[in-house]
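Everything below concerns the one structure shown next.
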Amino acid sequence: MDATAGGKPRDALAFAALDSDVRLAILDSLYERTVEPGPLADDATYSTIKSDVGVDDSGRFSYHLDRLTDRFVTKTDDGYRLAEPGREVVRLRRREVLTSDASVDTQPIDRTCYRCGGGLETAYRGGYMVTRCRECDGLVDHELVPTGTVSAISYPPSGVRGIGIDTAFERAHAIVDQHLRTMAGGFCSECGHGVTATLMPGYDRDSTGNGGDSRFTHDGLVKLSCDHCGQRRVSHPLHVTADRGPMAGFFAERGLDPGWDRFAEVMAWDTTPGPDGVRFESPDGTVWTVDDDLHVTRDDPDAAGR
Ligand SMILES: [Zn+2]
Ligand SMILES: [Zn+2]
């Protein structure tokens, strides 16, 4: 544990320094006044911040400002500016992840199920955007999500409050798409540490319980796990490798943008075991094989027949 000389963990001291309405207001003031990042930021003067926060008592104001200085706030010759940890605190609050109980009741969206073609509906609750099919069992079989779930994404409340559910749906899937591609490239988009990719063929799960994840009704998915912060995501291997050949070319040719459309496209393809990995067949008969290292090879039906 990263402890200080006094024995208190550094994280606990940092959180204790934030335990004040006045100090959070000081960070907000500095964020507005010195919004350019790093060395580009302007300084804000003592009196400007004091006026923004609305504390008349100079002794009281100075006490609170001092509690933030060095870790969250940097003192300069001309005043104060926000240090990166202070900026991070403001961004965390604006994502509303700690405090908001925002929810969006179930609404139909203009998309269809990749399994059955049925209508889809989306709801937001408890920090998750969950999309389900109204006509089939969906992808995820778990007590925490409704029957028919085809997609479940952790997403900040700020992304749905005041934003239509159709737009929020598009953005959430586009953002997670970006995270997935980074993680499939070998590192975590949240913390910068290494990521382990595990292909879950799934065909033998009924007999042995291994080789798959019984929570998913689709074989051949990939699990991406960060070795440090524990971020874990599951998706289709042809979706997470969309920025490399041959998938990059496939998606580009069809005009499929990052997000739901790419995911839904490949989730509809047939999946079978193969000698070199998991095989997926697109509607035109092309076979795409993914190995344990997420290398994708493409076999066109014309080439195979020669
Ligand atoms: Zn369905
Ligand atoms: Zn991580």
Side-chain angles (χ1 to χ4, degrees), residues 1-4 8-44 48-49 52-55 61 63-75 80-104 124-130 152-163 165 167-180 182-183 187-193 195 224-233:
M1 185 181 290
D2 187 16
T4 61
K8 260 205 164 190
R10 283 185 199 282
D11 283 351
L13 285 177
F15 280 112
L18 299 170
D19 182 17
S20 152
D21 286 349
V22 173
R23 282 171 244 155
L24 294 179
I26 290 172
L27 295 181
D28 282 339
S29 164
L30 278 161
Y31 195 78
E32 298 291 345
R33 299 280 177 188
T34 68
V35 73
E36 297 295 336
L40 300 176
D42 293 326
D43 301 300
T48 300
I49 309 165
D52 281 351
V53 173
V55 173
F61 177 74
Y63 164 76
H64 287 300
L65 185 55
D66 284 349
R67 286 290 305 269
L68 293 168
T69 304
D70 291 341
R71 173 156 302 275
F72 298 103
V73 172
T74 305
K75 186 166 175 22
Y80 297 85
R81 61 174 62 170
L82 212 47
E84 191 53 28
R87 220 170 279 283
E88 185 71 36
V89 170
V90 176
R91 287 192 294 251
L92 178 70
R93 293 182 62 219
R94 292 190 179 192
R95 291 201 298 274
E96 305 166 27
V97 286
L98 299 179
T99 52
S100 172
D101 52 5
S103 67
V104 178
Y124 182 82
R125 196 167 299 113
Y128 269 85
M129 177 179 290
V130 175
I153 294 179
S154 152
Y155 198 60
S158 59
V160 295
R161 210 170 44 75
I163 295 173
I165 194 69
T167 300
F169 173 90
E170 292 298 328
R171 291 179 183 175
H173 284 86
I175 290 169
V176 83
D177 189 301
Q178 201 169 53
H179 288 305
L180 285 165
T182 303
M183 291 181 85
F187 57 94
C188 178
S189 50
E190 304 284 341
C191 77
H193 278 250
V195 164
L224 301 164
S225 313
C226 174
D227 305 332
H228 178 68
C229 77
Q231 176 69 257
R232 284 185 175 202
R233 298 186 186 276

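A quick note: this is a predicted structure, and the numbers were derived from the prediction, not measured. We use all heavy atoms of the structure for the numbers below, so side chains are in, but hydrogens, waters and symmetry mates are not.
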Can you tell me if [X] has over 12 outside heavy atoms packed within less than 6.0 Å of its [atom1]?
X      : atom1 : result
Arg232 : CZ    : no
Arg94  : CZ    : yes
Glu190 : CD    : yes

Distance (rounded to the nearest 0.5 Å) between [X] [atom1] and [Y] [atom2]:
X      : Y      : atom1 : atom2 : value
Leu13  : Leu18  : CG    : CG    : 11.0 Å
Asp101 : Glu96  : CG    : CD    : 10.5 Å
His173 : Ile175 : NE2   : CD1   : 11.0 Å
Arg233 : His179 : CZ    : NE2   : 5.5 Å
Cys188 : Leu224 : SG    : CG    : 10.0 Å
Leu27  : Arg87  : CG    : CZ    : 10.5 Å

Quiz item: So, the side chain of Tyr124 versus the backbone of Ile165: is there a donor-acceptor pair under 3.5 Å, distance only?
Solution: no
Minimal non-hydrogen separation, [X] against [Y], with atom names:
X      : Y      : value
Cys226 : Met183 : N-CE, 4.2 Å
Ile163 : Ala168 : CG2-N, 3.9 Å
Ala17  : Leu68  : O-CD2, 3.9 Å
Ala44  : Leu30  : CB-CD2, 3.9 Å

Do [X] and [Y] come within less than 4.5 Å of each other through their side chains, counting heavy atoms only?
X      : Y      : answer
Val195 : Ser225 : no
His64  : Ser20  : yes
Arg67  : Phe72  : no

Practice problem: Step by step, work out the side-chain contact (heavy atoms from CB on, under 4.5 Å) result for Val160 and Met129. | Solution: CA-CA 9 Å; Val160 295; Met129 177 179 290; 4.1 Å; yes
Practice problem: Look at the rings of His228 and His193 and say which category their plane angle falls in: under 30° parallel, 30 to 60° tilted, over 60° perpendicular. | Solution: parallel
Quiz item: Name the one of Arg33, Arg93, Arg23 that satisfies side-chain contact (heavy atoms from CB on, under 4.5 Å) with Asp28?
Solution: Arg93
